[in-house]
There are 4 protein chains.
Amino acid sequence: MRREKPKFKQIIDAAVVVIAEHGYHQAQVSKIAKQAGVADGTIYLYFKNKEDILISLFEEKMGSFIEKIEQETEGISSSLEKLYVLVKTHFSVFAADPHMAVVTQLELRQSNKELRHRINEVLKGYLRLIDRIIVEGMEKGEFRRDLDVRLTRQMIFGTLDETVTTWVMNEQKYDLAALADPVYELLIKGCAAGR
Amino acid sequence: MRREKPKFKQIIDAAVVVIAEHGYHQAQVSKIAKQAGVADGTIYLYFKNKEDILISLFEEKMGSFIEKIEQETEGISSSLEKLYVLVKTHFSVFAADPHMAVVTQLELRQSNKELRHRINEVLKGYLRLIDRIIVEGMEKGEFRRDLDVRLTRQMIFGTLDETVTTWVMNEQKYDLAALADPVYELLIKGCAAGR
Amino acid sequence: MRREKPKFKQIIDAAVVVIAEHGYHQAQVSKIAKQAGVADGTIYLYFKNKEDILISLFEEKMGSFIEKIEQETEGISSSLEKLYVLVKTHFSVFAADPHMAVVTQLELRQSNKELRHRINEVLKGYLRLIDRIIVEGMEKGEFRRDLDVRLTRQMIFGTLDETVTTWVMNEQKYDLAALADPVYELLIKGCAAGR
Amino acid sequence: MRREKPKFKQIIDAAVVVIAEHGYHQAQVSKIAKQAGVADGTIYLYFKNKEDILISLFEEKMGSFIEKIEQETEGISSSLEKLYVLVKTHFSVFAADPHMAVVTQLELRQSNKELRHRINEVLKGYLRLIDRIIVEGMEKGEFRRDLDVRLTRQMIFGTLDETVTTWVMNEQKYDLAALADPVYELLIKGCAAGR
DNA sequence: TATGAATGAGAATTCATTCAT
DNA sequence: AATGAATGAATTCTCATTCAT
């Protein structure tokens, strides 16, 4: 299993640093190799090509992102609380890894359509996790029963994503994690005044 | 004023077509020139460089997008209804211009950070329009008074954007305009069950 | 017609010089461009890729080679004399263009199978010319009537080719053109003692 | 003596198979090692470098080729018959080993000038064998006494080589061995009609 | 204004060879 | 003797931009 080889992770971590610091279009393979402390050719013992580095990077990081959120929400019975933990975790993971935030929110989106479709495949795992929480919440009566699952998920993900992206574009000047509470409240209550 | 010259629009329209049909990375200046029916060099009489074409494209299209929404919401007194009309118009504009939808939601996002920052400058006009509706709504008591304007705007824009992007990625298979009502309801009521 | 553009010929001539002097594997595009006095990119305005330069080179040179031999043999009624002129011309053309001799006899043969197949297509024109002389000679009774045309052509071409190659490998130390007479005699009389 | 070690032959045989099946430019050292069932590094215990494999391959195969022809012609008193047996054996050896035919007639010729010069050194043994037959034949009066030995040898070798190459390029569709008789006749009688 | 031929910088990838084990 | 992971040099081609006409 290649993922256990130390060099595999070493190269991926190097790619995150290089992309975050120099930007997607200035992240040459030789720069990544140098940062990883290996020869250019060594990269190709672990990755098919440059794109494969980026896909693997996303799979690896997004994989543990999803895992983490699954762990954190596991055992929670309330769907509302699950959603809260998801928002909280989503924000704190990015807040804790600024490099990664830049890479996923800005740099990797410059990749070509092909790569972005591959990335979307990985993202689907996260979207399904959100879907499950929504369905569960509807069944339990914690969420409105007339929700359209796909639209609701698009609201949740779209809001989280936009919030993180704005934070990154503002050079991470403010405390992202602190936004979890108000954002959660917005998502469940909406913006209209109560009746 | 260059924007009034016929070739200026001609080139921008050519760029939209070329990018929509061939993708951002296959949209070479020479291809755009050919589509516009002018020589490569002529492009540079109207635009500083390639990036300038894309920024102008976005300004031009986004400008009329914002204008249209301003016109539609003007004269409406209810902020809730203003929001509804904004959602409705946002979706119907993209539904009516599939080329443009592909270009703004997928292709132009592959541009580099610099260009994306410039694009965001243009977007700010739209975001401010949303902000005004939110502030107004809070003042009128139609929206909750404890809203964080920026977060609320991020929810609204993030949700609309994600919804349109998903629709484009699904090859515009379903009726986007029809989603205005449920999305509007989601945004104002949130997903939690009523009390 | 691209062949009339001066740069087309200019680049081909540069390729012959560079390949002859540096060898096939040291004939980088940039070296050819420099020799031709154009920018690297200019090459690609006239040729699809590097291989296309080599194919065009062969077509161009071989084309005029065949033309020349056709002209020289035209109007000659005797097939034996036609063969003699062919041998003579074959040798004198190479003797007059040492660079080209090195390129066709040694360097171009290092190209890959694909390129060599394309080159063989061009060669076929020459082989057919030889075939015509043989058939004609048999009809006139100047050549033995029991000849196998293909084998006879292989003997003629194989002998000429091997003779030129040996001469090139011996660094063109001796007078190639002077070999036309004995080689012609060999081809028509064979090596056995007369009866 | 390295040639007696089993792995030496094992690697050479592997090289023939790999080159015949994948072509010269796709015959990487690692592929040859895999086919031979040894590690990449092991190759370098038996060969100085990649070129050395190819030269050894040619020496080994050409060596037994020449030996076989020497054996077959030994004890024959007539030079004409010797030539006949040489032609016959030349063709039947290649007909019996299609892999080898592809390798020597097509693939190995793609090697660089340096390697081809080394290969020519090996070939010289064969050319000298032909020379001896010619000289002998002239002395005995079976061959014309005015032959130029070098040219005659070039005709003989050039014809055989061209015939085998054409056969290989035609995918060995016809019976090469059957060409021995007409080719022999051509070589001794030439193509002119008898007097 | 308009043209379009010419420019030239810049980067992913392969593979023969080494050497610590 | 044998291994195979690691090395790193080396080259084609694209395309935004210019400028003489």
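Letters A, B, ... are given to chains in the order of the sequence lines, protein chains preceding strands, and every chain is numbered from 1.
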| Starting at NE2 of A:His25 and ending at P of F:dA16, how long is that distance when rounded to a whole Å? | 13 Å

| request: For the pair D:Arg118 and D:Glu121, find out whether any cationic side-chain nitrogen is under 4.0 Å from an anionic carboxylate oxygen. | output: no

| field | Euclidean distance, atom CG of residue B:Asp52 to atom C1' of F:dA16 [Å, nearest integer] | value | 14 Å

| note | Of A:Asp40 and D:Val38, the one whose nearest nucleotide on DNA chain F sits closer to the 5' end is D:Val38

| query | If we call it a pair only when both distances are under 3.5 Å in a Watson-Crick or G-U wobble match, what pairs with E:dA20? | reply | F:dT3

| Would you say E:dT3 has OP1 or OP2 under 4.0 Å from some side-chain N or O of B:Thr42? | yes

| Does a donor on one side chain sit under 3.5 Å from an acceptor on the other, for A:Lys31 and A:Gln28? | yes

| task | Return the 5'-most residue of the pair B:Gly37, C:Gly37 with respect to DNA chain E, ranking by each residue's nearest nucleotide. | result | B:Gly37

| field | Nucleotide E:dG4, atom C1' - distance to CD1 of B:Ile32 in whole Å | value | 17 Å

| For atom CD1 of D:Ile43 and atom P of E:dT18, their distance in whole Å | 13 Å

| field | Interatomic distance where CD belongs to D:Glu51 and P belongs to E:dC15 [whole Å] | value | 17 Å

| message | For F:dA6 and A:Lys7 - does any side-chain N or O of the residue sit under 4.0 Å from the phosphate oxygens OP1/OP2? | response | yes

| With a 4.0 Å cut-off, would you call A:Glu60 and A:Lys9 a salt bridge? | yes

| query | Are any of C:Tyr46's side-chain N or O atoms less than 4.0 Å away from OP1 or OP2 of E:dA6? | reply | yes

| said: Counting the atoms with a prime plus P, OP1 and OP2 as sugar-phosphate, which does C:Lys34 contact under 4.0 Å by heavy atoms, base, sugar-phosphate, or nothing? | reply: nothing

| task | Specify the separation, in whole Å, of atom NZ of B:Lys50 and atom P of F:dC15. | result | 8 Å

| request: To the nearest Å, give me how far apart NZ (D:Lys48) and P (E:dA16) are. | output: 16 Å

| remark: Answer for the Watson-Crick or wobble partner of F:dC13, both distances under 3.5 Å, is E:dG10

| query | Are the side chains of B:Tyr44 and B:Val29 in touch, meaning some heavy atoms are under 4.5 Å apart? | reply | yes

| field | A:Gln26 vs D:Gln28, nearer the 5' end of DNA chain E by closest nucleotide | value | A:Gln26

| Salt-bridge contact C:Lys61-C:Asp13 (side-chain N to carboxylate O under 4.0 Å) | yes

| request: For C:Val29, report the nucleic acid contact type (base, sugar-phosphate, nothing); a contact means any heavy atom under 4.0 Å. | output: sugar-phosphate

| task | To the nearest Å, give me how far apart CG (C:Asn49) and C1' (F:dT14) are. | result | 13 Å

| task | Let me know, please, whether C:Tyr44 or B:Gly41 comes out on the 5' side of the other along DNA chain F by nearest nucleotide. | result | C:Tyr44

